[in-house]
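All remarks here apply to the structure that follows.
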Amino acid sequence: MLHIKTIEGQLEAGGLKIALVVTRFNDFVVDKLLDGAVDYLVRHGAAREDLEIIRVPGAFELPLVCQKLARSGSYAGLVALGAVIRGATPHFEYVCAEAIKGLAQVALASGVPVGFGLLTTDNLEQAVERSGGKSGNKGAEAAAAMLESIRVLEQL
């Protein structure tokens, strides 16, 4: 088999300043996502003093705050954490769509990796499952994706 150059990101967070942007809405779920993200980053070498938590009201506010942080040049990466749980109105679709689109635009425009830890679930049970239950912790997964993206971008 021919040798093919492969670029992969090492999961080492040492020396990286990372902002975790966390919603207050549905905090009973989101705080578990935050715990998972912080635990993951610390276990992979991040110093607690290099992590900064920024609280925002809800998912709709995540993109603007992430944009400001990305433009600051102070952070190697961002982790956006929140939970939007479907209700009886179309509000869910609008908030989710705009938050998702906005976070993607932040990453693309700034070149700063944004870990996507915004749960968009049909019910509370699904949110609980994804914040440390049987479906794992999506906060930790968002931190992992952000970290790997930082390390891949460093090599490009």
Side-chain angles (χ1 to χ4, degrees), residues 6-85 95-121 124-156:
T6 302
I7 296 173
E8 295 179 291
Q10 299 303 309
L11 299 177
E12 169 53 46
L16 298 176
K17 185 156 180 163
I18 297 166
L20 299 109
V21 187
V22 183
T23 64
R24 291 187 191 282
F25 199 76
N26 290 324
D27 62 349
F28 55 94
V29 170
V30 178
D31 286 347
K32 292 177 183 174
L33 296 173
L34 176 60
D35 291 344
V38 169
D39 177 67
Y40 180 88
L41 292 168
V42 169
R43 283 188 298 107
H44 286 83
R48 287 187 178 273
E49 56 269 15
D50 287 337
L51 304 179
E52 192 165 321
I53 298 168
I54 296 94
R55 299 272 184 181
V56 299
F60 193 78
E61 290 75 30
L62 286 170
L64 179 60
V65 173
C66 285
Q67 179 184 53
K68 175 93 173 175
L69 294 168
R71 286 181 176 171
S72 76
S74 298
Y75 303 95
L78 312 172
V79 181
L81 302 171
V84 184
I85 301 169
V95 170
C96 293
E98 293 307 310
I100 292 165
K101 181 170 58 175
L103 291 170
Q105 288 174 345
V106 168
L108 290 171
S110 69
V112 175
V114 178
F116 184 77
L118 176 62
L119 299 181
T120 55
T121 64
L124 180 59
E125 180 183 348
Q126 289 176 347
V128 170
E129 287 174 1
R130 288 162 178 75
S131 62
K134 64 182 177 182
S135 295
N137 188 303
K138 300 304 179 185
E141 291 178 21
M146 181 263 329
L147 178 56
E148 187 171 356
S149 296
I150 289 169
R151 296 308 190 192
V152 165
L153 288 170
E154 288 174 341
Q155 298 175 64
L156 298 178

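With rounding to the nearest 0.5 angstrom, the CZ atom of R55 is 14.5 Å from the CD atom of E61. Rounding to the nearest 0.5 Å gives a distance of 4.5 Å between CG of L34 and CD1 of I53. Taking CD from E129 and OG from S135, the interatomic distance works out to 4.5 Å, rounded to the nearest 0.5 Å. Interatomic distance, NZ of K138 versus CG of L119, reported as 8.5 Å (0.5 Å rounding). Annotation: the span from F116 atom CZ to L81 atom CG amounts to 10.5 Å, rounded to 0.5 Å.
Looking only at side-chain heavy atoms (C-beta outward), V30 and F25 stay at 4.5 Å or farther from each other. Side-chain contact between L118 and V84 is present, with at least one heavy-atom pair separated by less than 4.5 Å. Side-chain atoms of L147 and L16, non-hydrogen and from C-beta on, do get closer than 4.5 Å to each other. Between V29 and L124, the closest side-chain pair of non-hydrogen atoms falls below 4.5 Å. At least one side-chain heavy atom of L11 sits less than 4.5 Å from a side-chain heavy atom of Y40.
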> Can you list the steps and then say if R151 with E154 is a salt bridge (Lys or Arg N to Asp or Glu O under 4.0 Å)?
Replying inline: CA-CA 5 Å; R151 296 308 190 192; E154 288 174 341; 2.8 Å; yes
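Within a 6.0 Å radius of CD in E12, more than 12 heavy atoms belonging to other residues, nucleotides or ligands are found. Heavy atoms of other residues, nucleotides or ligands lying less than 6.0 angstrom from CZ of R71 number 12 at most.
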